[in-house]
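Okay, structure first, notes after.
Residue numbers begin at 1 in each chain, while the letters A, B, ... track the order of the sequences.
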Amino acid sequence: MIEEKNKNPEEISKAFEPALHEDAIYKKWEESGFFNPDNLPDADARPPYTIVLPPPNVTGTLHLGHSLMLAVEDILTRFHRMAGYRALWVPGTDHAAIATQTKVEKLIREEGLTRHQLGREKFLERVNKFAQESHDTIIRQSKKMGSSMDWSREAYTLDAVRTRAVRSVFKMMFEDGLIYRGERVVNWCPRCHSTLADDEVEYKEQKAKLYTFKYDKDFPISISTTRPETKLGDTAIAVNPKDERYKHLVGQSFAANFCGTKLNIKIIADRQVESDFGTGALGVTPAHSMVDWKMAKEQDLPIIKVINEDGNIHEGFGEFSGKSALEARELVAQRLREAGLMESEEDVANNLSVCYRCDTPIEPIPSLQWFVNVNLPIERLGNRSIKDLSLEAVRSGVFGRDKIRILPERFEKNYFHWMNNLGDWCISRQIWFGHRIPVWYRAADNQQQTESTEKYVGIEPPAGDGWLQDEDTLDTWFSSGLWTFSTLANSEDDFAIENHKLVVKSAEFAKHHPTSVLETGYDILFFWVARMIIMTTYAVNDIPFQDVYLHGLVRDEKGRKMSKSLGNVIDPLDMITAYGTDATRLAMVVGTTPGNDLNLGEEKISGFRNLVNKIWNIARFIATSYGIDRNVTAVSAQTSADRWILDKFSNLIAEVTADIKEYRLSSAAEKLRVFTWDDLADWYLEASKFEKSENKKAILSYIITNLLKLWHPFIPFVTEAIWQEIVGGEMLMIESWPKEPGSQGDDGFELVKKVILAIRNVRAENKVEPAKKIKAVIFANAKTAQLEAARPLIMGLRTNIGEMELAEKGEAPAQAIFAAVEGVEIYLLGAIDQEKEKARIAKEIEQLDKLIGAIEMKLSNQEFVGKAPAAVIAKEKEKLSKYQADKEVLALKLAY
RNA sequence: GGACGAUUAGCUCAGUUGGUUAGAGCGCUACAUUGACAUUGUAGAGGUCAGAGGUUCGAAUCCUCUAUCGUCCACCA
C-alpha cells in the first residue's frame, strides 16, 4: 500500500553513534552562521531573546557544573530560536583575578620562583599564557556540549572593550562620590606581606587561653580575651544593651593604666556582645578586629594601631614594642599576674585564622583600600541610594519593565536579607592579575600617599611626568558586575559617559538589553547577581536581566561535593565520549529543579543514552517501514488509534511549550520521554505495524518530524542527525517550533489499550499457549463502531491475539451498563480457572466497595458539601458513579 | 549566632502553588522475544510522604515544635 519508502534498513545504522556525528554536525551549525541572530531568517522582525553566558573562570577546564549551565542555556536558546525569537547567546570567559593568579603562583612555585622574583610584567606574561590555554580548552569543551553560542561576539572580562567599560564605570562612580579610598581592617599575612580575601583565610580549631582581667585595679569592669596584647589599643568596652550589670556605666569614660600604657576607655552598648561569654564585657580594639572596627566607626571611637605589618608590636608601647604578638601576649599576661589583676585563665576552643598559603596566623590590621559606598544618595536618581535602587529593581520594577524575577522564588528572601545588611564593598585587591585601578598619583614617594597627594582618576593615563598608577587591582566582581551590557558592545568607542550615565552605543545593546534571563548557580547570588543589579542599575539606569534562574550544584551520586581528593570527579568529556553529548545533557536537566543540588552518577547518564538510541530507532523504523514525508502539514485520523495519538501529541506540544517557557525543563523532557517511548513506540507503532497505508505514513511523518523539533533543544545532535540523514531535511536547528494543531479528540483508543492489556493478562494468568484459540466476549457500548475500526489493531498484535475469536455481545443489560461507564470490558471464555477468576473479581469488588464507602461518607458530610468547590464535588460524584458502574460490571461477570 | 533549604519506594529524584487510589528512572522479581531497538517488551512487588502537634470538609503540600543532614552569611572577644 505504501508507494515508496525513502530508506532501506541497511542504509541506517542500528544504533546512534554520537562520536560519528557530533563534531560534523557542530561544524555545520557553526558554519551556517545561525548562532548569530543577525543571520536568522527575518532577523529584524524577531523579538529579542538574550542570554549572556556566566563566564567560566580561566583557571583550567570545565566541570559538570558548567555542563549543567551550558545545557540549560542551550535549551532555552535553541527553543527560542525555533520559536521565532532573535536568539542571542553571548559567550565569554572571566579572568577570575585571585583564583587564576593563585593557580599560576602555585605553578611557578614548583619552579622555585615567587611572583616578586619574576616581577609584575614577567609574572603577568605567565598568567596570561595560562589564561589563554585555559580559555582554549573551555571553548573546545563548550562546543563539545553543543552550545549554540554566537562566537563572533565572544568577550573576556579583561579584554580591551571590557576594560573600557570597567574604567568608565570606575570614573563615573568616583566622580559621583561612590568610590572612595579609606582604611579598613583587612586580613593580613605577616609572612607573605599581603592581604587575603575572606575566602583565602582558613580556620583552624585550636585551644586558646581565655584571660579575664581588669585593665588596672581601679577599673570598674573586668574583660575576657584570648589576645591580651592587643588590648594595648583598646578604646572602649562593649556590653550588651540589655545587660543589667553594666547598664549604668554605658556612655561613661574611664582612664586606665594598662601595663604602663595609658588608655581612655568609653563604655558602649552593642547587641552583638553576648552577656554570658566571659564577663559579658568586650574590650574593643578597633585596629585589630573586624567587629571592633565596625563598632568604632559607628561610635566614632579613636583607633590605635598596636601590631605592625611584620606582626610585631608598634613603637610606643614600652617594653612590649618590637616583640612578636605571641611574645607580647605572654609578657602582658605575666605583668597582669604580677599585679594581681588576672582573675582567671581558662582553656577554650577557638578558631584561629591562618593564611591558606603558609599557615601563618593572620593579623587583622587596618590598611588603605578602595571602596564602593553603597549607601550614598545619588542626586540624579532622585536621592535614592544604590541599595534602595537594587531593592526596588527587584520589588517593583521602577525602571519601567517587569520586575526581576528570581527562580526559585525563595532566593528572593535571601537576596533581600543580604541587601538589607549590605556594607561598603571593598574593591581593591593586592594582586597583579586583573584590572589595575585606574588611579594615578604624583608624589615624591608613591608608597606614602596622603590625602593631599595629587591624584588623577581616568580612562587613560594622565599626561605629564611623574604619575604612578595605583598598585592594586580591582575585585574580579567589579568587571563581572558589568557583564550584561559590557558584552553587548563591539568596540571601546561604544561607551560614552553622558550626564552621569554610561551610554552604550551598539545596536546589540539597543536590541538585547536588558537580557532575558540570567542562568547561574545559587552560590553566587550575592557575589555576582546582586552586584550586577547594583552596578547595572547605576551605570546604564536599567535592570540587567528580567529573570534569574538559579541552578543547583552538581554533586556525586551520594550527594558529596565532587573533589579531586575524594576521587569522585566526573569529567563531562569522559561522559560525552562514553554516552554522547545528548545523553549527558539530558542527565543534567531531567530530575532536577532550580535551586536544588543535583546528585549525579554515571548510571543516570547511561540511562539517557538508551533513550537517545530509542529515538534514533523510532525514526529508523518509520523511515524504513513507511518512509517519512517531511512536508506533511495536515493529517486526518481514520482510526481510534490515530485520534488517540494525535490527541496526545497535540497536548504534548502545548505542555512542552508551556513547560520550557516556565523553566520547567525537567518536566518538559519527562513528558517528551513518556510520549516518545510509552505512547508512540510501545503503543502506536506496535499497533500500526500491520497497517501500512499512505495515511499511516502521513500521520507518522507528521508526528516524527514535529517530535524531533520538540526534542531538539534538549538533544540537538541526535535530532539533527536524524533530520539530515533519515528525514532528509536541511537544518533542524532553524526549523519552526511546532504549533498545537488543536485536539482531535480521543474516542476510544484508551479502551482498545484496555482490551489488549486485559487479554494479555488473562492469557498470562492462565498460561494460555500463544497459538491456542481463545473465545472472548467483548461487552461493548455504543462505541462499537470505533472498536470496529480498531479491530485490525487488535488482530495484528504481536501477542497473537489475531488467533482469538472475538464475539461481541450486544444484549440490552450489558449495553446499558457500559454506556454508563464509557468503557469496554472483555471477558475471556475457556482456558480460565473459574475459581481463581472468581476470587480475583471478589477482591476487586472488595476494593471498590472501600472506595465507594469512602466517597459516600465524604458526600454525606455536610461540611464537605458546604465548603468544597463545586468542581471537587462534581469530581467526587463522577468517581462514585464510575466505581459503582465498575462494580456492577464485575458483579455481572461473576454472574456470567 | 543569623538566614535559607532538605527529609517521599532499595537508590537518585519529581510532585505546577490544599483536592482521583502519591509518580518516574535505575535496581529487584516473573514472563516474553526469530522483521526498528537485548541500548527491547509486558506485568509485578516495594511508600503510616522524618517524628509530634495544629489549621481545614480535606494536608506530602499551610502553621508550630523536635530530630537528622546540608548551604550561605556573620563571627569565634
Side-chain angles (χ1 to χ4, degrees), chain A residues 9 12 14-16 198 203 205 208 210 223-227 230-231 238 272-274 277-279 281-285 289-292 348-353 408-411 413-414 417-418 421 522-523 525-526 552-553 555 557-559 579 583 590-593 595-601 603-604 606-625 658-659 662 664 666-667 670 673-674 681-682 685-686 689 757 760-761 764-765 767 770 798-799 847 850-851 854-855 858 861-869 871-873 875-876 878-879 882-883:
Chain A
I12 310 168
K14 290 185 91 169
F16 175 65
D198 290 344
Y203 295 97
E205 181 102 352
L210 182 68
I223 56 164
S224 303
T225 182
T226 52
R227 300 201 57 189
T230 64
K231 301 292 109 181
Q272 287 178 72
V273 180
E274 286 173 49
F277 186 93
T279 59
L282 160 69
V284 179
T285 320
S289 151
M290 310 268 182
V291 211
D292 296 9
V348 290
N350 173 322
N351 269 339
L352 182 69
S353 316
E409 247 176 72
R410 64 182 145 90
F411 280 99
K413 272 189 259 175
N414 280 4
H417 183 253
W418 188 78
N421 295 296
Y522 65 78
D523 50 328
L525 179 64
F526 305 129
L553 268 40
R555 298 166 175 282
E557 70 275 4
K558 287 175 186 150
Y579 306 108
V590 180
T592 67
T593 42
N596 287 330
D597 292 348
L598 158 67
N599 293 358
L600 186 76
E603 279 178 12
K604 185 173 176 185
S606 72
F608 286 114
R609 188 260 325 264
N610 297 359
L611 171 60
V612 166
N613 191 59
K614 186 81 183 178
I615 295 169
W616 173 267
N617 268 294
I618 289 168
R620 177 174 187 257
F621 173 68
I622 296 174
T624 54
S625 308
D659 278 347
E662 281 304 309
R664 294 188 297 258
S666 176
S667 167
E670 191 70 16
R673 181 183 59 76
V674 169
D682 291 346
L685 282 186
E686 291 295 333
K689 276 181 179 170
L757 285 176
R760 282 184 188 167
N761 280 344
E765 270 175 37
K767 301 230 185 303
R798 265 179 170 177
T799 41
Q847 268 191 347
K850 267 192 214 161
L851 291 169
I855 296 175
K858 228 181 190 179
N861 182 330
Q862 287 308 310
E863 278 180 297
F864 173 72
V865 177
K867 291 182 184 173
V872 173
I873 294 176
K875 244 183 182 175
E876 290 292 326
E878 205 176 293
K879 249 162 57 186
K882 180 174 177 295
Y883 292 151

Quiz prompt | Euclidean distance for P, B:C49 against B:A36 (whole angstrom) | solution = 46 Å
Quiz item: For A:A619, which contact category applies under a 4.0 Å heavy-atom criterion: base, sugar-phosphate, or nothing?
Solution: nothing
Quiz item: Taking all atoms of both residues into account, what is the closest heavy-atom pair of A:T592 and A:S666, and its distance?
Solution: O-CB, 3.4 Å
Self-check item: Where A:L282 and A:V273 come nearest, the two heavy atoms and their spacing
Solution: CD2-CG2, 4.0 Å
Quiz prompt | Separation of B:U12 C1' from A:N596 CG (nearest whole Å) | solution = 13 Å
Practice problem: Determine the interatomic distance between P on B:G18 and the same-named atom on B:A59; round to the nearest Å. | Solution: 13 Å
Quiz item: What's the CZ-P distance between A:R664 and B:U16, to the nearest Å?
Solution: 10 Å
Quiz item: Once you round it to whole Å, what is the distance between P of B:A74 and CG of A:D292?
Solution: 16 Å
Quiz prompt | Gap in Å between the two P atoms, one belonging to B:A45 and one to B:G51, rounded | solution = 23 Å
Quiz item: When you measure from the side chain of A:F621, which nucleotide among B:C76, B:A24, B:A36 comes out closest?
Solution: B:A36
Exercise. For A:Y522 and for A:L598, find the nucleotide of RNA chain B with the closest heavy atom, then tell me which residue's nucleotide is more 5'.
Key: A:L598
Exercise. Could you state the atom-to-atom distance from CG of A:L525 to C1' of B:A3 in whole Å?
Key: 13 Å
Quiz item: Which is true for A:S666 with a 4.0 Å heavy-atom rule: it touches a base, it touches only sugar-phosphate, or it touches nothing?
Solution: nothing
Practice problem: Using modelled atom types only, decide if a donor and an acceptor are shared between the side chain of A:S625 and the backbone of A:F621 within a distance under 3.5 Å. | Solution: yes
Exercise. Could you give the distance separating B:U56 and B:U61 at their P atoms, to the nearest angstrom?
Key: 16 Å
Practice problem: Could you tell me whether the side chain of A:K614 and the main chain of A:R673 form a donor-acceptor pair under 3.5 Å? | Solution: no
Quiz item: In terms of side-chain heavy atoms of A:N617, which of B:A36, B:A77, B:G70 is nearest?
Solution: B:A36
Self-check item: Rounded interatomic separation in angstrom, taking CZ from A:R673 and P from B:U39
Solution: 19 Å
Practice problem: Assess whether one donor atom and one acceptor atom, taken from the side chain of A:K14 and the base of B:C37, lie less than 3.5 Å apart. | Solution: no
Quiz prompt | P spacing across the pair B:G46 / B:A9, given as an integer number of angstrom | solution = 14 Å
Exercise. For B:G23, measure the glycosidic angle (O4'-C1'-N9-C4 for a purine, O4'-C1'-N1-C2 for a pyrimidine) and name it syn if it falls within 90° of 0, otherwise anti.
Key: anti
Exercise. Give the nucleotide from the list B:C13, B:U71, B:C37 with an atom nearest to the side chain of A:K614.
Key: B:C37
Practice problem: Could you label the plane-to-plane angle of the A:W616 and A:F16 rings as parallel, tilted or perpendicular, counting under 30° as parallel and over 60° as perpendicular? | Solution: tilted
Quiz prompt | A:T624 side-chain N/O to B:A36 phosphate OP1/OP2 under 4.0 Å | solution = no
Quiz item: In the strands shown, is B:A36 matched to any nucleotide by a Watson-Crick or G-U wobble pair with both distances under 3.5 Å, and which?
Solution: none
Quiz item: Among B:U71, B:C37, B:A77, which is the nearest nucleotide to the side chain of A:T226?
Solution: B:A77
Practice problem: Can you tell me the pairing partner of B:C75 across any strand shown, Watson-Crick or G-U wobble, with both distances under 3.5 angstrom? | Solution: none
Quiz item: Is there a Watson-Crick or G-U wobble partner for B:U48 with both distances under 3.5 Å, and which nucleotide is it?
Solution: none
Self-check item: Complement of B:U29, any strand, by Watson-Crick or G-U distances under 3.5 angstrom
Solution: B:A43
Exercise. Could you pull out the closest heavy-atom pair between A:I12 and A:R620, with the gap in Å?
Key: O-NE, 3.1 Å
Quiz item: Considering Watson-Crick and G-U wobble pairs with both distances under 3.5 Å, what does B:G70 pair with?
Solution: B:C4
Quiz item: Rounding to the closest angstrom, what is the interatomic distance between B:G44 and B:C37 at atom P?
Solution: 27 Å
Exercise. Answer with base, sugar-phosphate or nothing: what part of the nucleic acid does A:V612 contact at a heavy-atom distance below 4.0 Å?
Key: nothing
Quiz item: Which of these nucleotides, B:U16, B:G70, B:U42, is closest to any side-chain atom of A:D682?
Solution: B:U42
Quiz item: Checking all strands, does A:G607 fall into the base, sugar-phosphate, or nothing category for heavy-atom contacts under 4.0 angstrom?
Solution: nothing
Self-check item: Interatomic distance where CG belongs to A:L553 and C1' belongs to B:C4 [whole Å]
Solution: 15 Å
Exercise. Return the nearest nucleotide to the side chain of A:L685; candidates are B:G19, B:C75, B:A36.
Key: B:A36
Quiz item: Can any side-chain N or O of A:D597 pair as donor or acceptor with the backbone N or O of A:L553 at less than 3.5 Å?
Solution: yes
Quiz item: When rounded to the nearest Å, what value does the distance between P atoms of B:A14 and B:U8 take?
Solution: 11 Å
Practice problem: Kindly say if A:N610 contacts the phosphate of B:C26, meaning a side-chain N or O under 4.0 Å from OP1 or OP2. | Solution: no
Quiz prompt | From A:N617 atom CG to A:I622 atom CD1, the distance as rounded to the nearest 0.5 Å | solution = 11.0 Å
Quiz item: Considering only B:A24, B:A77, B:A36, which nucleotide approaches the side chain of A:T225 most closely?
Solution: B:A77
Quiz prompt | Closest contact, heavy atoms only, A:V865 versus A:I873 | solution = O-CD1, 3.5 Å
Quiz prompt | Nucleotide nearest A:N613 when distance is taken to its side chain, options B:U39, B:A77, B:A36 | solution = B:U39
Quiz item: Distance between the C1' atoms of B:A3 and B:U21, in whole angstroms?
Solution: 40 Å
Self-check item: Toward the 5' end of RNA chain B, by each residue's nearest nucleotide, A:E603 or A:A238
Solution: A:E603
Quiz prompt | Selection from B:A24, B:C76, B:U39 that lies nearest to any side-chain heavy atom of A:E670 | solution = B:A24
Quiz prompt | A:L282 side chain, from C-beta outward: closest of B:C75, B:U40, B:A77 | solution = B:A77
Quiz item: Rounded to whole angstrom units, what separation is found between the CZ atom of A:R609 and the P atom of B:A38?
Solution: 12 Å
Quiz item: What is the distance from CZ of A:R555 to P of B:C69, rounded to the nearest Å?
Solution: 15 Å
Exercise. Using a cut-off of strictly less than 4.0 Å, decide whether A:T593 has a side-chain nitrogen or oxygen near OP1 or OP2 of B:A14.
Key: yes
Practice problem: Would you classify A:D597 as touching base, sugar-phosphate or nothing, given that sugar-phosphate means primed atoms plus P, OP1 and OP2, and contacts are heavy atoms under 4.0 Å? | Solution: nothing
